[in-house]
Amino acid sequence: EVQLVESGGGLVQPGGSLTLSCAASGFTFSYYSMHWVRQAPGKGLEYVSGISSNGGTTSYANSVTGRFTISRDNSKNTLYLQMGSLRAEDMAVYYCARGRSGSDGKAFDYWGQGTLVTVSS
Amino acid sequence: QTVVTQEPSLTVSPGGTVTLTCASSTGAVTSGYYPNWFQQKPGQAPRALIYSTNNRHSWTPARFSGSLFGGKAALTLSGVQPEDEADYYCLLYYSGAWVFGGGTKLTVL
């Protein structure tokens, strides 16, 4: 069974830093791209960042470029999101999602349950 | 800045059919945007429904179908069930970057 479990959320002051983790199990982690998606309270989904299966390619939303860094450790089956210079507008539930690309196209298939990041003084 | 637009809200009767659309500010949506669709119920994580325009995941009920229509990606629900009441989001791919639509709140009434 595919499982994605996020952790690391919590309360952080504006300007502070936080690192989120996403522990993967039930599949060969190193075969898949991985992504972070967030949802501010009462708002829609926002794509945050993605990383290729070997970690060689990353992408970021304009809103987080230069402040967030995505990475992965395929030996630990874990995805990370280092968040810095946090702002009130970064407050959200952060989800990790598995991506796959093949002959039938590109898909986001499995999602974690999310971890809440609160930015407040 | 690329904007992906969905209907803010739609209402459908049980057993009816409804189509949700997903438009891109850059022009017509094609298969190259690999449209994905997700369902989200209150307090839950999103659940994937459709990928690459019209492919169902193994868990997606057959009443959900995806297509391209009139320059937009579309999600059609046929024989709507009360449990289909939820928020629906589309996701489009722009050469390395992904962008979500604003979501459609579907009410079954």
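Heavy atoms only: backbone and side chains are in, while hydrogens, waters and symmetry mates are out. In what follows, chains carry the letters A, B, and so on, assigned in the order in which the sequence lines appear, proteins first and then strands, with residues in each chain numbered from 1.
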Compute the ring centroids of A/Trp111 and B/Phe38, then answer whether they are less than 6.0 Å apart.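 Ring centroids of A/Trp111 and B/Phe38 are less than 6.0 Å from each other.
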Is the distance between the ring centroids of A/Trp36 and A/Phe68 less than 6.0 Å?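 Here the rings of A/Phe68 and A/Trp36 have centres that are no less than 6.0 Å from each other.
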What residue in [options] has the most heavy-atom pairs under 4.5 Å with chain A?
options                            : value
B/Tyr34, B/Trp98, B/Tyr89          : B/Trp98
B/Asn55, B/Asp87, B/Leu91          : B/Leu91
B/Pro46, B/Ala97, B/Gly96, B/Ala45 : B/Pro46

Taking everything shown except A/Asn62 itself, do over 12 heavy atoms lie less than 6.0 Å from its CG? no
Check the surroundings of atom NZ in A/Lys76: do more than 12 heavy atoms from other residues, nucleotides or ligands lie under 6.0 Å from it? no
Checking heavy atoms, do the side chain of [X], its backbone, both or neither come under 4.5 Å from chain B?
X        : value
A/Phe108 : both
A/Gln113 : both
A/Tyr110 : side chain
A/Val93  : neither

Under a 4.5 Å heavy-atom cut-off, does chain A meet the side chain of B/Gln44, its backbone, both or neither?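 B/Gln44 touches chain A through backbone heavy atoms alone.
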Would you mind checking which part of B/Leu49 comes under 4.5 Å of any heavy atom in chain A, side chain (CB onward), backbone (N, CA, C, O), both or neither? neither
Determine the option with the most heavy-atom pairs under 4.5 angstrom with chain B, choosing from A/His35, A/Glu46, A/Gln39.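 The answer is A/Gln39.
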Within 45° of the axis and under 6.0 Å from the centre of the six-membered ring of B/Tyr51, does NZ or CZ of A/Arg100 qualify? yes
Would you check if there is a donor-acceptor pair between the side chains of B/Tyr93 and A/Ser101 at a distance under 3.5 Å?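 A/Ser101 vs B/Tyr93: no donor-acceptor pair found between side chains.
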Between the side chains of B/Thr19 and B/Thr76, does any donor sit under 3.5 Å from an acceptor?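 The answer is yes; a qualifying pair exists.
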